[in-house]
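A short write-up of the structure that comes next.
These numbers were taken from a predicted model, which means no experiment stands behind them. Start at 1 with the first residue, then count along the sequence. The analysis underlying the following values was restricted to heavy atoms, covering all of them including side chains, and did not include hydrogens, waters or symmetry mates.
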Amino acid sequence: MQCKKKKKLKEENLTNNIEKEIFNTASDLSKNYAEIALDTLTEESLLSKIPVIKSLVSFYKITSSIVDRHNMKKILIFLEEFHLNKIDSNKLDIFKKKFEEKPKHRDKVLETILLLNERFIDTKKSQILANLFSAYIQEVLTWEQFLKMSFMLNNLNPYGYKILERIVDKNSELKFSMRQMIEGHAILMACGIGTKFEDRFKLTNTGIRLYELGIKPLRKKQSA
């Protein structure tokens, strides 16, 4: 019983700190967490002084587990990318009010973000998810649309990012052989981003928006 109590307190502490970090416009998460070595994420690290990192270290019981450290790193990358979007303060305030008025929805949103990040192997997915979440807060996406895209993202083979870019972005300089494109089409179809009718491949509207709102912003930031 005592063990369950402690676990619940840790979960609440983690979700509370993630919530605070989302609304923290003066965030300390300014480092490039994608480049941080997993073995630096420890209780003794200077990074652990930041509240959200402290709660992550505590929740995942960071020891020698690569999986736990990787989970922590993905959440930090998600938060870092989220803050890079510089969401309009009015939109953020409106969203915060929704959290206050609908605690069940608040819990569902935070749990979804944490669970999806845990499932990802590729850290870039955490960045894409952050961009989709930003679009949801700015009311570009509904909650249902955000969920649909997030689950597609979860099932997407990372090779599909470049195939998506090649198909959607007319200015893309990426080149693929016919064989590579056929393989790419199969990857996109496997997660619901593409469809095929009478041997004609086509992206779904959701797949196109996933690229435009989630993946394309990363390219813009890299070239800025």
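- Residues Asp122 and Tyr161 bring a donor and an acceptor atom of their side chains to less than 3.5 Å of each other.
- Considering all non-hydrogen atoms of both residues, Asn131 and Leu213 come closest at CB-O, 3.3 Å.
- Taking 4.5 Å as the limit, every side-chain heavy atom of Thr112 sits out of range of all side-chain heavy atoms of Phe133.
- A distance of 13.5 Å separates NZ in Lys73 from CD1 in Ile75, rounded to the nearest 0.5 Å.
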Evaluate side chain to side chain contact (heavy atoms under 4.5 Å, CB included) for Glu81 paired with Ile128, printing each intermediate quantity in order. CA-CA 8 Å; Glu81 182 67 26; Ile128 297 168; over 6 Å; no

Could you walk me through whether Leu203 and Phe201 pass side chain to side chain contact (heavy atoms under 4.5 Å, CB included), step by step? CA-CA 7 Å; Leu203 289 176; Phe201 177 82; 3.9 Å; yes

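- Between His105 and Phe99, the two ring planes are perpendicular [angle over 60°; tilted spans 30° to 60°].
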In a table with atom names and distances, give each donor-acceptor pair under 3.5 Å that connects a side chain of residues 179-198 to protein atoms at least two apart or in another chain.
{"unit_1": "Gln180", "atom_1": "OE1", "unit_2": "Ser177", "atom_2": "N", "d": "2.8"}
{"unit_1": "Gln180", "atom_1": "OE1", "unit_2": "Ser177", "atom_2": "OG", "d": "3.4"}
{"unit_1": "Thr195", "atom_1": "OG1", "unit_2": "Lys202", "atom_2": "O", "d": "3.4"}

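- In this structure, Ile77 CD1 and Thr123 OG1 are separated by 4.5 Å, a value rounded to the nearest 0.5 Å.
- Cluster membership for Ile94 and Val140, using ILVMFWY side-chain heavy atoms within less than 4.5 angstrom, is not shared.
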Pair Gln127-Phe78, side chain to side chain contact (heavy atoms under 4.5 Å, CB included): steps then yes or no: CA-CA 5 Å; Gln127 293 177 296; Phe78 168 88; over 6 Å; no

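- We find that Glu139 and Lys91 are joined by a salt bridge, their nearest charged nitrogen and carboxylate oxygen being less than 4.0 Å apart.
- A distance of 10.0 Å separates CD1 in Ile163 from CG in Asn157, rounded to the nearest 0.5 Å.
- Side-chain contact between Leu79 and Ile18 is present, with at least one heavy-atom pair separated by less than 4.5 Å.
- Rounded to the nearest 0.5 angstrom, Lys216 NZ and Leu164 CG are separated by 12.5 Å.
- One distance of note links CD of Glu118 with CG of Asn154; it measures 12.0 Å at 0.5 Å rounding.
- Between Lys108 and Trp143, the closest side-chain pair of non-hydrogen atoms falls below 4.5 Å.
- Nearest heavy atom pair, residue Met149 against residue Leu141, reads CE-CD2, 3.5 Å.
- The main-chain N or O of Lys98 is never found under 3.5 Å from a side-chain atom of Glu101 such that the two would form a donor-acceptor pair.
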Lys175 and Arg166: CA distance, side-chain angles, deciding distance, side chain to side chain contact (heavy atoms under 4.5 Å, CB included) verdict: CA-CA 7 Å; Lys175 296 187 186 297; Arg166 176 70 183 81; 5.5 Å; no

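- The side-chain heavy atoms of Val168 and Glu212, taken from C-beta on, include a pair separated by under 4.5 Å.
- Counted within 6.0 Å of CD1 on Ile121, heavy atoms from surrounding residues, nucleotides or ligands total 12 or fewer; the atom is thus considered open.
- The OG1 atom of Thr15 sits 10.5 Å away from atom NZ of Lys20, with the distance rounded to the nearest 0.5 Å.
- Each of Leu110 and Leu115 belongs to its own hydrophobic cluster when Ile, Leu, Val, Met, Phe, Trp and Tyr are linked at side-chain heavy-atom distances under 4.5 angstrom.
- Relative ring orientation between Tyr136 and Phe146 is described as parallel, the plane-to-plane angle staying below 30° on a 0-90° scale split at 30° and 60°.
- Lys162 places no side-chain N or O within 3.5 Å of a backbone atom of Leu174 that could act as its donor or acceptor partner.
- In this model, no donor atom of one side chain and acceptor atom of the other lie less than 3.5 Å apart for Asn117 and Asn71.
- Smallest separation of non-hydrogen atoms from Leu156 and Lys125: O-NZ, 2.6 Å.
- Between Phe95 and Phe23, the two ring planes are tilted [angle within 30° to 60°].
- Put simply, the side chain of Gln138 gets close to the backbone of Ser134: a donor and an acceptor are under 3.5 Å apart.
- Summarising the local packing, CZ of Arg106 is surrounded by more than 12 heavy atoms from other residues, nucleotides or ligands at distances under 6.0 Å.
- Of the possible polar contacts, one joining the Asp169 side chain to the Asn171 backbone as a donor-acceptor pair under 3.5 Å is found.
- For Leu129 against Ser150, the heavy-atom pair with the smallest separation is CD1-OG, 3.4 Å.
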